[in-house]
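Some notes on the structure that comes next.
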Amino acid sequence: GQNIDQPTEMTATEGAIVQINCTYQTSGFNGLFWYQQHAGEAPTFLSYNVLDGLEEKGRFSSFLSRSKGYSYLLLKELQMKDSASYLCAVPTYNQGGKLIFGQGTELSVKP
Amino acid sequence: ETGVTQSPTHLIKTRGQQVTLRCSSQSGHNTVSWYQQALGQGPQFIFQYYREEENGRGNFPPRFSGLQFPNYSSELNVNALELDDSALYLCASSLRRGGNSPLHFGNGTRLTVT
């Protein structure tokens, strides 16, 4: 079957670093996405990993290990505006564009 | 560059009624996907349209149907509404069909069924 697991909630302090983990099980692998969703707003694309390793994009980095079925999103120099839900998602293989999303990790950044 | 727009933003319907939600894709995008998002959950794939044809469908009953028009805008129709259909409905456009092209989401339509 296909499944994604990520923690439901996390809390961190402004200026700190936080790592949000995601484990997945898929039949066939076609990359992994991270999206950010502020309350009441649309999800916005953060990153897409296909190959193993770390990809850095400003304060945000995303890591992938295909052999372990594992990814994480690393947020540095946390700001209050980073308080949001972070969604991990994997495309299914040959299922017409279907993305399977995790339930999202609600990150609260405290002063 | 115009982003993805959805209408209406909010809607209240009664069980058994029918509803049509609309979506304009981002300019240059020929693929539209629809997702249902319950409170506190990740989005669930309903279907994807590419050049006016259904490209793929999730585990939703036939009373969920869609259309894509020549200008790549799209509609989601839901018949015989049930209380469990209350959710945020998200439309997303992308440059390519399939699942490995980043999605650009609209702000969604919040549907409440009473």
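Every chain is numbered from 1 and lettered A, B, ... according to where its sequence line falls, protein lines coming before strand lines.
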From [X] atom [atom1] to [Y] atom [atom2], the distance as rounded to the nearest 0.5 Å:
X	Y	atom1	atom2	result
Leu99(A)	Tyr35(B)	CG	OH	4.0 Å
Gln103(A)	Gln37(B)	CD	CD	11.5 Å
Asn100(B)	Leu32(A)	CG	CG	12.5 Å
Phe105(B)	Gln37(A)	CZ	CD	8.0 Å
Phe45(A)	Ser94(B)	CZ	OG	12.0 Å
Gln41(B)	Phe101(A)	CD	CZ	13.0 Å

Spell out, yes or no, whether [X] and [Y] are grouped together once hydrophobic residues are joined by side-chain heavy atoms under 4.5 Å, including indirect joins.
X	Y	value
Leu76(B)	Val19(B)	yes
Trp34(B)	Leu88(B)	no
Ile20(A)	Phe63(A)	no
Phe45(B)	Tyr50(B)	no
Val109(A)	Tyr72(A)	no

*asked:* Below 4.5 Å, heavy-atom pairs only: which of Pro43(B), Gly108(B), Gly98(B), Gly56(B) has the largest tally toward chain A?
replied: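 Option with the top pair count is Pro43(B).
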_If I compare all heavy atoms of Gly97(A) with all of Asn55(B), which pair ends up nearest, and what's the gap?_
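Smallest interatomic distance, heavy atoms only, reads N-ND2, 4.1 Å.
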*Taking all atoms of both residues into account, what is the closest heavy-atom pair of Pro91(A) and Gly99(B), and its distance?*
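Between these two residues, the closest heavy atoms are CG-O, 3.3 Å.
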Tell me if the [atom1] atom of [X] is crowded by more than 12 foreign heavy atoms within 6.0 Å.
X	atom1	answer
Arg15(B)	CZ	no
Gln6(B)	CD	yes
Ile12(B)	CD1	no
Leu83(B)	CG	yes

_Per-residue contact mode, Glu106(A) against chain B (heavy atom under 4.5 angstrom)_ =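 Interface part for Glu106(A): neither.
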*Residue part contacting chain B, namely of Leu87(A), when any heavy atom lies under 4.5 Å*: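 Interface part for Leu87(A): side chain.
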_For the backbone of Leu103(B) and the side chain of Tyr35(A), can you confirm whether one donor and one acceptor N or O come within less than 3.5 Å of each other?_
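Checking the backbone N and O of Leu103(B) against the side chain of Tyr35(A), a donor-acceptor pair under 3.5 Å is found.
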*asked:* Taking every non-hydrogen pair under 4.5 Å, which of Pro43(A), Ala42(A), Gly31(A) racks up the most with chain B?
replied: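 Between Pro43(A), Ala42(A), Gly31(A), the count favours Pro43(A).
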